[in-house]
Amino acid sequence: MFGKVLRRIDWLTILIYLALVIIGWTNIYSSTFTDEQTSLLDLTTRSGKQLFFIIVSFVTIIVILALEANFYERFASLFYLLTILSLIGLYLFGKTIAGATSWYDLGFFNFQPSELAKVATALALAKYLSDIQTDLRRIKDQLYALLIIFIPALLIIPQPDPGSALVFFSLIFVIFREGLPLYYLGIGFTLILIFITTLMFGTIWLTIGLLLLIALFFLLKRKSLKVPLLPIAIGSIAIILFSLSVNFVFNNLFEQRHRDRFSLWLRLEKDPEKLEQIRKTIGYNTYQSEKAIESGGFFGKGFLEGTRTKGDFVPEQDTDYIFTTIGEEWGFIGTATVIILFSILFLRLIYLAERQKNAFSRMYGYGVISVLLIHYFINIGMVIGILPTIGIPLPFFSYGGSGLLFFTLLLFVFLKLDTNRLKENF
């Protein structure tokens with residue numbers, strides 16, 4: 001039975017997974033290496049702990065592939081409920097690390113339920129959308145689907161862990177893939193644009209700009225075109241009210257470190273000297289990350305030869321900023337290799353998702369793609385300075401047992417479902 005699964009599984013995806021895990025661990029080892037290290041399996045070191053969890057992940061893969069494919073669809077709702085309870089439990093029994101109460105202390109390692117919740121939410125969403133009674137043309141079903149995504153996100157935001165919460169919103173693209181009207185996407189991008197515009201220019205200038213756009217529209221429109229004024233008035237009022245709420249949210253719900261990062265990202269400080277000072281203080285991580293990658297040049301400085309890595313210039317270099325080690329020690333060749341590997345992985349997963357005959361498998365496949373892609377895009381973006389620092393790990397690379405274990409679970413559940421698709425053809 002297990003032999004048949006191995007013959008049907010997509011080995012290209014597995015090879016890419018292994019390559020990413022090995023390259024990731026190599027860079028964790030380099031970024032945490034000290035002269036006192038004597039063994040690769042030394043569990044007192046971070047590279048030793050990560051190697052242990054790589055082994056645990058390989059065992060988990062065997063368990064995932066050994067289970068029947070329909071197991072994941074059958075118990076998706078229960079799996080989701082249990083993870084929601086685990087998120088609620090953090091407010092009573094959680095451990096605070098780096099200012100976020102996002103962990104359970106299990107003694108030998110810290111368990112982060114938000115990682116497990118990504119898998120559970122992707123499964124639950126696929127289960128709901130694939131139900132024969134679900135029709136995304138109905139408002140009720142659209143709201144239920146969005147609620148599945150929003151519940152874990154809303155539980156994670158107050159921890160506070162806005163970065164992990166943001167990942168859940170990426171699952172909305174699964175709903176779009178299955179027929180959610182595109183005007184929801186337009187509303188979402190409009191709200192983001194209003195939020196950013198308000199922070200950069202203020203509500204007054206946004207209102208003036210909005211009124212000018214409306215006036216220009218009426219001046220240029222054809223006389224025969226009848227435009228209802230009430231929807232335009234209601235929409236304009238809603239935009240202004242949302243803009244007025246932005247400052248309250250930014251100043252009262254965001255922590256100071258989050259406000260500082262947005263201020264740096266959006267260049268809210270206009271004085272060049274003060275802006276440079278902010279980059280070296282508030283944006284210290286990103287500033288050092290950019291310098292380290294820049295110093296790597298085309299070929300890099302070589303394994304264990306990164307001076308900024310050895311000097312601990314970049315905080316959290318083995319976790320959120322692991323890509324910095326690749327840039328400094330392996331240069332453009334190394335970073336390009338990693339980007340190519342991820343690009344092939346995403347294209348392969350899209351191909352696998354599209355060939356699924358089972359709706360649940362296809363929708364879960366797109367859930368996997370959404371979660372991995374937003375992690376990849378935001379992590380690389382923040383390391384090279386085009387996005388604010390949010391605190392999202394690079395899949396299969398960053399140090400962290402929970403992250404590696406549940407990224408592996410997320411991916412290999414889909415590969416197991418894909419083997420079931422092939423089974424249907426025999």
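The shown structure was predicted, so the numbers you read here are calculated from the model rather than taken from an experiment. Scope of the values below: all heavy atoms of this structure, side chains included, with no hydrogens, waters or symmetry mates.
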So, [X] and [Y]: side-chain donor and acceptor under 3.5 Å apart, yes or no?
{"X": "Tyr321", "Y": "Ser398", "value": "no"}
{"X": "Lys127", "Y": "Ser77", "value": "no"}
{"X": "Asp10", "Y": "Thr13", "value": "yes"}

**Study point:** side chain to side chain contact (heavy atoms under 4.5 Å, CB included) evaluation trace for Asn358 with Leu417
**Key:** CA-CA 9 Å; Asn358 179 277; Leu417 294 174; over 6 Å; no
Nearest heavy atoms of [X] and [Y], plus distance in Å:
{"X": "Thr83", "Y": "Ala117", "result": "CB-CA, 4.2 Å"}
{"X": "Ala126", "Y": "Tyr364", "result": "CB-N, 3.6 Å"}
{"X": "Ser361", "Y": "Gln356", "result": "CB-OE1, 3.6 Å"}
{"X": "Lys301", "Y": "Ser295", "result": "NZ-OG, 3.3 Å"}
{"X": "Tyr104", "Y": "Ser86", "result": "OH-O, 2.5 Å"}
{"X": "Ile392", "Y": "Met382", "result": "O-CE, 3.9 Å"}

Neighbour count >12 (heavy atoms, 6.0 Å) for atom [atom1], [X]:
{"X": "Phe332", "atom1": "CZ", "value": "no"}
{"X": "Ile204", "atom1": "CD1", "value": "no"}
{"X": "Phe377", "atom1": "CZ", "value": "no"}
{"X": "Phe93", "atom1": "CZ", "value": "no"}

Practice item. Starting from the C-alpha separation in whole Å, work towards a yes-or-no answer on ring pair (Phe, Tyr, Trp, His ring centres under 6.0 Å) for Tyr17 and Phe412. Key: CA-CA 10 Å; Tyr17 164 82; Phe412 277 85; 5.0 Å; yes
Exercise for review: Quickly, which of Leu372, Val21, Leu20 forms a side chain to side chain contact (heavy atoms under 4.5 Å, CB included) with Pro395? Name it, please.
Suggested key: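 Answer to the side chain to side chain contact (heavy atoms under 4.5 Å, CB included) test with Pro395 among Leu372, Val21, Leu20: Leu372.
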Practice item. Fit a plane to each ring of Phe397 and Phe342, take the angle between them on a 0 to 90° scale, and name the class: parallel (under 30°), tilted (30 to 60°) or perpendicular (over 60°). Key: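 Phe397 and Phe342: tilted rings.
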Exercise for review: Please work out which of the three classes, parallel, tilted or perpendicular, describes the rings of Phe173 and Phe176, given edges at 30° and 60°.
Suggested key: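 If you compare the ring of Phe176 with that of Phe173, the planes turn out tilted.
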Cationic N near anionic O, under 4.0 Å, [X] to [Y]:
{"X": "Glu328", "Y": "Lys291", "result": "no"}
{"X": "Glu68", "Y": "Lys416", "result": "no"}
{"X": "Asp418", "Y": "Arg355", "result": "yes"}

**Study point:** Given Thr197, Thr198, Thr207, the one that forms side chain to side chain donor-acceptor pair (under 3.5 Å) with Ser243
**Key:**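 So, applying the side chain to side chain donor-acceptor pair (under 3.5 Å) to Ser243 and each of Thr197, Thr198, Thr207, only Thr198 qualifies.
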Hey, does [Y] have a side-chain heavy atom less than 4.5 Å from the side chain of [X]?
{"X": "Thr325", "Y": "Trp330", "answer": "no"}
{"X": "Leu415", "Y": "Leu352", "answer": "yes"}
{"X": "Ile194", "Y": "Thr190", "answer": "yes"}
{"X": "Leu78", "Y": "Phe75", "answer": "yes"}

Point to revise | ring-ring contact (aromatic ring centres under 6.0 Å, His included) partners for Phe189, two or more places apart | key: none
Practice item. Quick one: do Tyr376 and Phe346 satisfy ring pair (Phe, Tyr, Trp, His ring centres under 6.0 Å)? Show the steps, please. Key: CA-CA 10 Å; Tyr376 164 79; Phe346 293 132; 5.5 Å; yes
Exercise for review: Can you measure from CD1 (Ile16) to CG (Leu345) and round to the nearest 0.5 angstrom?
Suggested key: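 One gets 5.5 Å once the value is rounded to the nearest 0.5 Å.
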When you measure from the side chain of [X] to the backbone of [Y], do you find a donor-acceptor pair of N or O atoms at a distance under 3.5 Å?
{"X": "Glu329", "Y": "Gly296", "value": "no"}
{"X": "Thr60", "Y": "Val56", "value": "yes"}
{"X": "Asp141", "Y": "Thr134", "value": "no"}

Practice item. Tell me, with the steps shown, if Phe169 and Phe150 meet ring pair (Phe, Tyr, Trp, His ring centres under 6.0 Å). Key: CA-CA 7 Å; Phe169 295 119; Phe150 289 167; 5.5 Å; yes
Check your understanding: Should Leu409 and Leu116 be marked as a side chain to side chain contact (heavy atoms under 4.5 Å, CB included) after you check the CA-CA gap, both sets of side-chain angles, and the distance that decides it?
Key -> CA-CA 9 Å; Leu409 178 63; Leu116 181 60; 4.1 Å; yes
